[in-house]
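In what follows, a structure is listed as C-alpha cells, so that the remarks can point back to it.
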Amino acid sequence: MLGFLKQGLSKYQKSKLNKIVGQFLFYSTIITFFTTVYEFGFLDETTDTTILHNYYYIYLLVYFFSFSTRIPSMFEKKSKIYLVIIRILLFAFLVFYFFNVKFLFDAVDYHGWFYRLITSPNLVYVLIIGIFFIEVSKSTFKVLVFNITPEILFALSFITLIFIGAGLLMLPNATVTRIKFVDALFMATSATSITGLQCIDSAVGFTSLGQGIILALLQIGGLGVMTFTCFIVYFFKDTSSFKAGAMLGNMTGTERLGNAFATILKIVAYTLTIEAIGAVCIFLSIRYDDGFPALYDKVSFAVYNAISAFCNAGFTTIPGSMTSDLVMHNYALKIIIAVLAILGGVGFPILMNLQDSGSKFIVNLKNWIVGNVDFVFQPTKLKFRIGWKGISFVHLPRVVNVNTKLATIVSIVLLVFGTFSFFALEYRNSLTVHDGFWYKLVDSFYYSVMPRSAGFNDSDLSLFRLPTLLIMMFLMWVGASPVSTGGGVKTTTFGVALLDIFSILRGKDRLEIFCRKIANSTVRHAFAVIMISLAALGVGTFLLVIFEENNPDATLLNLAFETTSAYCTCGLSMGVTPELSAPSKYLLSFLMYLGRVGALTIAAAFFTKAKSQKYMYPKEKVYIG
C-alpha cells in the first residue's frame, strides 16, 4: 500500500498539472511582489489599501493550499531532515495565521512575542517577500541547466540586480525628492558592487524605504548574487544537479565537487554570524546621548553599519558618514568597523582554512592534555613533535595552505605600513583633531583599513597631504583578498607579482612560495590582472578629465582618486562625486561594475577558451627592458 502511494505521489509530482500549478504560483508571486512595491513606492499613508490587503490574503491563501498538497512528499526518503522540520514548522505557522486561532491565545491568556507576530500587519509583507525570493531563486537556478559559462552568469547576475535596484530607488517613496535615472543607477551600482561612492548622501536623500533597498543591494552584492540565490534554492530544495554543483564549485573556488553547496552554506553562515556579532558590538559602543534617543535608532544604526562594514560598502545612516560629530571621536566604534572590514576583506576561503586549522589545533591540544597523544606543533617551515621523550622530527599534513599564508602576510604588512605611514604623515595635520597618542594611533589604524575597500571616512580627504593620498590610492589599488567582499587587484595578486620579480632578480626560472611551486598560469593571471587594472585606471582617469574639463572643482588628483576608488570598489572620495556630470557618473558606474565582477571575468565571458594545445613551437628570445 505504501509503495503504491509513493508511486502515485511520484506520478502526481511529474504530471502536467503540477507544472501548471508551479507556473501559476511563480507568476502570481511576481505580480504580488510588484503590487507590494507599488503600495510602498507610490501610495502614501492616507491611501485606502483595503483592496490590496484583501488581494494579499487571497494570494497567501492560494499559496498555502498549494503548499499543503506537497505535504506527503515531505516524508520521502530523499528529503533532508532539516527541510522536513522547516516545512512542518512553516505549515504550522501558516495554519496559525490563516485560521486566526486568536481564541486559543485568549484562552491561555498568552499575548507574548508569538501572538504579536501572528497579529502583526507587517507579517503579510514578510511572507510575500520571502515567497518571492524562494520562487525567483528556484527559477533562476534553472538557468544552470543551459549551456552558459560561470563568467557570463556571474556578470549578468550583477547587471540584473543593478537595474532592479535602480528601478526601486526611483520609486517616489524611496527618496526625499525625485532623482534622475543616472543618480539611481549610480547609487544602485555603488551598493551592488559594495563600493560606497555616493552622488546623493544616502542618509539624507533617501527615506527609510530607500535605505532599506540600499541595504538589501549591498548585502546581496556582498555575498554575490548567485551565492545568495543558490543558498535559498539549496535550503528549500531536496535535490541538486551535477552540473549545478560543478558550476557553483567553479564560482566559489571549491576543488571538490561535493563541497560546492556546503561552501555556500558556510559563506552565508560566516556572513550572518560575523554581522550579528558586529551589530551587537556596535550597539554596545554607542550611547543614547550620541544622537540615538530611541532603542530603535540604536538597533537600526548597529545592524546597518555592521552589514555595511563587513561588506566593505561604506554606506551609513549618519549624514556625512563618519565625519559626523556623533561618532567621529567614538574610537571603540572605529575599531569595531575596522575589524569587521578586515574580516570581510580577508576572504571566505581563508576564514574556512583558518577555522579548519584552528579546530585541528584545539583537538590536538585537547588530546595532549588528556594524555592520549603528544602535542604537535607545526610552524611555517619546521615540523617536529614535542613529547615527554624530547623532540623528534615527523611529517605532518599542511593545514594552512599557501593562499592563506600569503594573503595574511600581505594584509598584515599593508596594515602596519598604512598605520605608521598615516601616523607619521598626518600627525601634525589631520590627526590634530584627536587628543592623545593612542587616539591618533587608532585613527591611523582606521585609515590603514578604510582605503582597502571599506570606504568609511571620518575626515575631509581634501585636507590630507599629497603623500598620504598617494599611499591611500596604493592601498585602494591592492585592496582585499580574493573571494571576499573587498575589491582591488587583491593581496595575493600583488604578493605573487612582487615575489616573482624577486625570483627573477635571483635568477630562478620558477616561483616558489612556502616550499611550494606556484603554477605559471597563476603568475600570468596575476600580471594580467595588474596590467588590466592599470589600463582601466589610466583610461578612466583620461575620460573623466575630458568629461569634467569645465568643472573647476575637478582637478587631476581628484579625478584620479575618484577613478581608483570606483574601480577598486573602495568608496572614498575627495568630495567631487556629487559635482560630476552625467557622463562621468555613467563611466564611474561602469568602473564600479568592472571592479566588482572583474575585468578578466567579463573578458572571459566574450572569448572562446582555446582548446588543449597538443603542439609546441620552437623557442625564440625577445629582448625585454
_CA sep, side-chain torsions, deciding dist, call: L414, F474, side-chain contact (heavy atoms from CB on, under 4.5 Å)_ = CA-CA 10 Å; L414 291 177; F474 167 72; 4.0 Å; yes
*asked:* If you apply the rule side-chain contact (heavy atoms from CB on, under 4.5 Å), what do you find for L217 with I164, and how did you get there?
replied: CA-CA 10 Å; L217 290 175; I164 291 176; over 6 Å; no
*Take F186 and Q198 through the test side-chain contact (heavy atoms from CB on, under 4.5 Å) and record every step on the way to the result.*
CA-CA 8 Å; F186 187 93; Q198 303 179 42; 5.7 Å; no
_Test log, rule side-chain hydrogen bond (donor to acceptor under 3.5 Å, both in side chains), inputs S193 and T569_ = CA-CA 7 Å; S193 63; T569 67; over 6 Å; no
*asked:* The test is side-chain contact (heavy atoms from CB on, under 4.5 Å); show your working for D443 and E426 and say whether it passes.
replied: CA-CA 10 Å; D443 203 66; E426 296 294 324; over 6 Å; no
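Listed by chain and number, the residues in a side-chain hydrogen bond (donor to acceptor under 3.5 Å, both in side chains) with N551 are E548 (sequence neighbours excluded). Residues passing the side-chain hydrogen bond (donor to acceptor under 3.5 Å, both in side chains) test with T419 are S448, sequence neighbours excluded.
With a 4.5 Å cut-off on side-chain heavy atoms, V529 and K490 do not count as touching. Between V496 and H525 the shortest side-chain heavy-atom distance does not fall below 4.5 Å. In this structure, the side chains of S430 and L463 stay at 4.5 Å or more apart for every pair of heavy atoms. Residues F158 and T192 are in side-chain contact: their nearest non-hydrogen atoms beyond the backbone lie under 4.5 Å apart. Taking the side chain as every heavy atom from C-beta outward, S573 and E562 approach each other to under 4.5 Å. Contact of the F561 side chain with the L572 side chain is registered, since non-hydrogen atoms from C-beta on lie closer than 4.5 Å. Residues L406 and T491 have side chains not in contact (no heavy-atom distance under 4.5 Å, counting atoms from C-beta outward). Residues L591 and L588 are in side-chain contact: their nearest non-hydrogen atoms beyond the backbone lie under 4.5 Å apart.
Here CD1 of I274 is found 5.5 Å from CG of L351. Values are rounded to the nearest 0.5 Å. Here N550 contributes atom CG and S581 contributes atom OG; the two are 9.5 Å apart, rounded to the nearest 0.5 Å. For the atom pair CZ of F315 and CZ of F456, the computed distance is 9.5 Å after rounding to the nearest 0.5 Å. Note that the CG atom of L537 and the SG atom of C568 stand 5.5 Å from one another [nearest 0.5 Å]. One finds the CG atom of L580 at 7.0 Å from the CG atom of L559 (value rounded to the nearest 0.5 Å). Considering CG of N403 and CG of N353, their distance stands at 8.0 Å, rounded to 0.5 Å.
The 12-atom threshold is exceeded at CG of N429, counting heavy atoms of other residues, nucleotides or ligands nearer than 6.0 Å. Around the CZ atom of F163, the shell of radius 6.0 Å holds no more than 12 heavy atoms that belong to other residues, nucleotides or ligands. The local environment of CZ in F527 is crowded, with over 12 non-hydrogen atoms from other residues, nucleotides or ligands closer than 6.0 Å.
Using a cutoff of 4.0 Å between basic side-chain nitrogens and carboxylate oxygens, E512 and R516 are not scored as salt-bridged.
Here the side chain of N312 pairs no donor or acceptor atom with the backbone of T485 at under 3.5 angstrom. R465 contributes a side-chain N or O that, together with a main-chain N or O of L425, makes up a donor-acceptor pair within less than 3.5 Å. Side chain of S584 to backbone of F547: no donor-acceptor contact under 3.5 angstrom is found. In this structure a side-chain-to-backbone donor-acceptor pair under 3.5 Å is present from S565 to G571. Under a 3.5 Å cut-off, the side chain of R452 and the backbone N or O of A341 do not form any donor-acceptor pair. Side-chain N or O atoms of N558 include one that pairs as donor or acceptor with a backbone N or O of D553 at under 3.5 Å. A donor-acceptor contact shorter than 3.5 Å is absent between the side chain of T577 and the backbone of L197.
Minimum heavy-atom separation, F445 to A338: CE2-CB, 3.8 Å. Nearest approach of A536 to L594, heavy atoms of both residues: CB-CD2, 4.4 Å. Taking every heavy atom of both residues into account, S444 and L431 meet most closely at OG-CD1, 3.5 Å. The two atoms that bring V449 and A454 nearest to each other are O-CB, 4.0 Å, heavy atoms only. Closest approach of P451 and C570 over heavy atoms only: O-SG, 3.3 Å. What you find for A166 and A188 is that their closest heavy atoms are N-CB, 3.4 Å.
Using modelled atom types, one finds no donor on one side chain facing an acceptor on the other under 3.5 Å when comparing D500 with S503. A donor atom on one side chain and an acceptor atom on the other are not found under 3.5 Å apart for S190 and T195. A side-chain donor from one of W477 and S533 sits under 3.5 Å from a side-chain acceptor of the other.
Within the structure, salt bridge (charged side-chain N to carboxylate O under 4.0 Å, His left out) contacts touching residues 565-587 (residues at least two apart or in different chains) are D183-K585.
The distance between the ring centers of F464 and Y447 falls below 6.0 angstrom. Aromatic ring centres of F590 and Y586 lie farther apart than the 6.0 Å criterion allows.
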